[in-house]
Amino acid sequence: MAVADLRPTDEALELRERVRAFMDAHVYPNEQALDREDDAADALVGELRARAKAEGLWAPHLPPEAGGSSGSFLVYAHLNEEIGRSLWGQLVFNCQAPDAGNGEILWHFGTEEQKRRFLDPLVSGEARSFFSMTEPGVPGSDPTTLQTRAVRDGDDWVIDGHKWFSSGAEGAAFGIVMAVTDPDADAHHRASQIIVPADTPGVEIVRAIPTMGHRGRGWTTHCEVRYSGVRVPVANTLGEIGEGFRIAQKRLGPGRIHHVMRWLGQMQRAFELMCSYALERETFGGPLAEKQTVQNWIADSAAEIQACRLLTLDAAHKIDQGDEARVEVSVIKFYAARALHDVVDRAVQVHGARGLTDETPLAGMLALARGARIYDGPDEVHRMVVARRILKSFAAGEPWRFE
Ligand SMILES: Cc1cc2nc3c(=O)[nH]c(=O)nc-3n(C[C@H](O)[C@H](O)[C@H](O)COP(=O)(O)OP(=O)(O)OC[C@H]3O[C@@H](n4cnc5c(N)ncnc54)[C@H](O)[C@@H]3O)c2cc1C
């Protein structure tokens with residue numbers, strides 16, 4: 001496929017310009033106020049969301065029939081490059097993780113009743129949600145080992161288990177909980193996804209776990225959650241019973257790409273800050289921009305960012321064509337997570353001590369970048385997936401083709 005096919009259409013370009021103008025006018029100037037994560041910041045988020053909605057820039061990950069403003073992965077990739085430049089962009093445009101992924105699986109697998117009760121408030125922005133899969137006692141990289149149990153009692157599930165890193169659970173209206181519903185089934189049919197309203201008796205948010213020194217608030221928390229005798233109707237099962245893994249795959253594939261699209265924005269912002277500061281700051285009789293080490297960082301970052309962009313757009317295009325793009329998604333997940341970390345780290349280094357302060361967004365970006373190499377599957381697991389699939393193809397006598 002020609003690279004030109006991946007360029008934004010005129011319509012996508014127009015939309016991207018509008019998103020960029022919105023970010024310039026309303027998000028960047030408010031970033032420091034939003035970073036305070038206090039009552040005033042919450043009120044500001046509400047105002048900015050109302051404005052984004054009024055301007056028709058709302059929920060760009062969903063098609064219009066689901067209440068969104070886009071629907072094509074490729075268009076969303078181009079928009080997310082802008083939205084992702086600030087941590088707050090995704091929340092302002094109502095395409096934040098984990099709600100975006102939850103919204104997508106509710107849209108694809110939810111019953112009419114589930115859509116009405118749970119998807120509609122997500123899309124309208126009245127409610128937030130969380131995705132509760134990872135457990136402290138077993139490796140999140142291998143979710144076939146999950147221990148949280150849902151036992152059927154008449155028309156109800158009774159859920160018992162212990163989760164952590166349920167992002168955004170503080171203040172959320174409901175969670176989608178991955179629980180073992182048939183322990184005797186084969187490894188990939190043991191679990192189901194069950195929608196659990198957060199106010200169901202037995203749901204306990206134990207704490208928001210501080211990560212890299214940050215506790216977070218509401219949407220930015222990563223919570224430890226206990227489920228003790230939590231009773232919800234079997235009708236809250238998302239999709240078929242035992243299909244939890246298939247749905248998780250459906251959720252995590254696009255979810256990973258959504259993350260990477262935003263990282264492209266983060267990388268480009270860090271890159272711009274690095275280049276500007278390199279030209280401005282002088283040491284040993286000349287600007288940093290004249291030092292070869294700094295030039296190498298700039299050149300390497302330029303190459304890595306563009307490689308990540310093209311890999312991401314290619315995967316988005318393939319998903320739009322109905323391909324699951326499992327190899328492409330895993331390649332970009334580990335490759336871009338590393339590139340994000342390295343580009344931001346170089347930008348911090350060029351800024352010296354200033355890079356660690358709140359005078360630039362870089363320190364916050366670096367803390368978030370570290371997590372990128374772990375969440376939604378650590379680098380090592382994605383490399384394993386890529387290698388296994390490619391080798392399987394060779395073993396079957398079909399060389400892997402780069403298309
Ligand atoms: C910021 C953040 C947000 C998150 N949000 C959510 C959320 O909303 N909902 C949710 O359910 N979970 C969430 N998670 C959890 C995340 O998905 C898990 O941390 C991840 O799947 C890894 O699981 P683990 O932490 O148990 O590490 P483990 O599975 O115990 O792995 C530990 C390490 O072992 C190595 N490793 C694992 N497998 C292999 C292998 N095959 N080969 C070589 N090395 C390997 C890797 O280096 C890995 O980092 C979040 C995590 C973070 C950091």
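Start at 1 and go down the list; that is how both ligands and their atoms are numbered.
Within a 6.0 Å radius of CZ in Arg207, more than 12 heavy atoms belonging to other residues, nucleotides or ligands are found.
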Tabulating one pair per line, provide the atom names and distances (0.1 Å) for every N/O atom of ligand 1 that is less than 3.5 Å from a protein N/O atom.
from	atom 1	to	atom 2	distance (Å)
ligand 1	5 (N)	Phe165	O	3.2
ligand 1	5 (N)	Ser167	OG	2.8
ligand 1	8 (O)	Phe165	O	3.2
ligand 1	8 (O)	Ser167	N	3.1
ligand 1	8 (O)	Ser167	OG	3.2
ligand 1	9 (N)	Phe131	O	2.7
ligand 1	9 (N)	Phe165	O	3.0
ligand 1	11 (O)	Met133	N	2.9
ligand 1	11 (O)	Thr134	N	2.8
ligand 1	11 (O)	Thr134	OG1	3.1
ligand 1	12 (N)	Thr134	OG1	2.6
ligand 1	12 (N)	Phe165	O	3.4
ligand 1	23 (O)	Gly140	N	3.4
ligand 1	23 (O)	Ser141	N	3.4
ligand 1	26 (O)	Gly140	N	2.7
ligand 1	29 (O)	Gly140	N	3.2
ligand 1	29 (O)	Ser141	N	2.9
ligand 1	29 (O)	Ser141	OG	2.5
ligand 1	31 (O)	Ser141	OG	3.4
ligand 1	47 (O)	Glu380	OE1	2.9

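Between Asn236 and Gln114, the shortest heavy-atom distance links the atoms C-NE2, 3.6 Å. Nearest approach of Arg354 to Tyr277, heavy atoms of both residues: NH1-OH, 2.7 Å.
Between Glu224 and His162, the side chains place a donor N or O and an acceptor N or O closer than 3.5 Å (distance only, hydrogens not considered). A side-chain donor from one of Trp157 and Thr237 sits under 3.5 Å from a side-chain acceptor of the other.
Applying the ring pair (Phe, Tyr, Trp, His ring centres under 6.0 Å) criterion to Phe131, with sequence neighbours excluded, gives no partner residue.
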